[in-house]
Amino acid sequence: MQDWFRKARLGIFIHYGIYAVGDVSESWSFHNGNISYEDYMKQCEGFTASKYDPKKWAALFKKAGADYVVMTSKHHDGVALFDTKYSDLNVLKKTPAGRDLVKEYVEAVREAGMKVGIYYSLIDWSDPRYRSVYPEGAKREDCLNDIYGSPAGGEEDPAKWEEFLKFNNNQLGELMTNYGTVDLLWFDGDWERSANQWHMKEFREYLHSLNPDVILNSRMQGYGDYETPEQGIPLYGPEGEWEFCTTINDSWGYRPSDNDYKTSGQIIRMFCDCITLGGRMLLDVGPKEDGTLDERQEKVLEDLGTWISDHDEAVHGTGKGLNYAQFLGGSTLSADKKTIYLFVYDTPREALCVKGVKTPVKKVTVLHTGEELRFSYTGALPWSGIPGTLWIWAEGMKEHPFATVLKVELEGEITYNLGHGEVVTCND
Ligand code: GLC
């Protein structure tokens with residue numbers, strides 16, 4: 001895994017497309033029959049990108065503390081946001097926007113010093129060639145009622161499917177060679193066909209032949225580099241590297257009727273949950289058709305940025321924290337394993353407690369103010385290796401408006417006694 005991704009803590013996800021014109025969900029709305037395909041596609045006429053200014057986005061994302069950005073280059077509807085010679089279904093040809101939106105995006109993100117990610121849907125519900133094979137294991141009868149799952153003419157046509165795969169490869173070739181280095185590819189929709197049908201092994205090799213360092217997300221039927229849990233934060237981090245993606249309201253793309261926004265505090269808390277478990281967050285925004293962002297989304301990004309910049313040493317360059325039985329809150333651990341950062345979400349009553357840390361504490365401070373806090377122990381039995389409970393007298397400390405971070409400096413590298421006999425040296 002590339003070092004930059006291991007260190008990255010926050011990515012911004014952008015779902016931008018013709019679906020921002022009406023009030024419908026991205027691609028799924030016609031797939032699920034909430035709108036006809038024709039009406040869905042009519043949104044092309046209203047997609048202007050008239051205020052599209054990715055430099056402005058990039059400045060906001062940077063301020064939010066983002067390390068990388070991932071934008072949709074094509075969703076399941078098949079409408080490309082980039083200049084492609086392999087299909088006329090692109091915003092240059094079919095919408096008043098009339099320009100290559102991916103090009104400007106890539107340049108702006110790179111210039112602002114963030115890594116460049118591109119989302120590409122493997123599914124293309126507009127292309128009849130996509131429907132030229134049944135999902136593996138399915139029979140013709142299984143697919144007859146599913147107009148989008150079944151082959152266009154009813155019978156499988158393996159040659160057409162091969163053509164479709166070639167088409168995907170060609171578009172990815174364009175994305176990976178026309179805009180300089182693409183650091184990460186974010187695939188979606190692998191689930192409708194098997195690894196075998198997608199020729200995933202060869203596909204992965206092909207992408208690496210274009211850029212050996214490109215990072216690939218997990219939605220590649222077992223051939224990706226990292227896991228992508230979505231919307232519900234895992235209680236325990238998945239194995240290996242992972243990224244949790246989430247919307248700020250309930251929609252990936254812009255929907256004017258969706259007012260179910262999470263608060264900044266909730267998003268910050270979710271971000272803390274991710275880094276506590278050793279993962280990272282990919283936070284989604286859904287720009288309006290003209291390219292501007294809803295101010296409620298901007299506000300969340302700004303608040304998250306304030307929180308991250310006030311606590312950067314607890315966020316970047318740290319790893320997975322204590323487990324939740326040791327501290328009833330979030331935490332991270334410095335790279336040298338000599339400092340614990342505790343995330344305190346509620347106003348403390350008396351003292352906060354930490355269990356199972358054997359290395360003695362040297363000093364505790366509130367990170368954003370520098371205020372020093374008193375601490376003490378109960379129940380330590382040094383002769384038997386029982387560390388006892390560390391109490392941090394935090395009542396009355398000056399809290400951070402979103403979540404307060406306590407910096408707990410240890411006398412040496414952290415060691416644990418988790419109470420069932422074994423003494424371990426680190427958590428991961
Ligand atoms: C889901 C949906 C899709 C969205 C994606 C983001 O897989 O298919 O609409 O783009 O989640 O993670």
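Just so you know, ligand 1 is whichever comes first in the structure, and atom 1 is the first atom listed for that ligand.
Distances below 4.0 Å separate heavy atoms of Tyr119 from the following atoms of ligand 1: 10 (O). Short contacts between ligand 1 and Trp186, defined as distances under 4.0 Å to a heavy atom of the residue, involve ligand atoms 12 (O). The contact set between ligand 1 and Cys245, taken as ligand atoms under 4.0 Å from a residue heavy atom, comprises 12 (O). Close approach to Phe13 involves these atoms of ligand 1, each under 4.0 Å from a residue heavy atom: 6 (C), 12 (O). For ligand 1, the atoms lying closer than 4.0 Å to a non-hydrogen atom of Trp28 are 2 (C), 3 (C), 8 (O), 9 (O).
Contacts of Tyr19 with ligand 1, taken as heavy-atom pairs under 4.0 Å, are absent altogether. Proximity of Asp188 to ligand 1, defined as any heavy-atom pair under 4.0 Å, is confined to the side chain (atoms from C-beta onward). Here Arg219 has side-chain heavy atoms under 4.0 Å from ligand 1, and that is the only part of it that gets that close.
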Test log, rule salt bridge (charged side-chain N to carboxylate O under 4.0 Å, His left out), inputs Arg219 and Asp190: CA-CA 6 Å; Arg219 299 187 185 180; Asp190 62 333; 6.0 Å; no
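Nearest to atom 12 (O) of ligand 1 by heavy atom, out of His76, His31, Glu26, Glu230, is Glu230.
Cation-pi geometry between Arg110 and Tyr105 is not satisfied (NZ or CZ under 6.0 Å from the ring centre, within 45° of the ring normal).
Taking the six-membered ring wherever Trp is involved, the centroid distance between the rings of Tyr52 and Trp57 falls below 6.0 Å. For Phe167 and Tyr86, the ring centers are positioned 6.0 Å apart or more. Less than 6.0 angstrom separates the ring centroid of His15 from the ring centroid of Phe13.
Among all protein heavy atoms, the one lying closest to atom 10 (O) of ligand 1 is His15 NE2, 2.6 Å.
Smallest separation of non-hydrogen atoms from Gln2 and Asp213: NE2-O, 2.7 Å. Between Glu243 and Leu282, the shortest heavy-atom distance links the atoms OE1-CD2, 3.4 Å.
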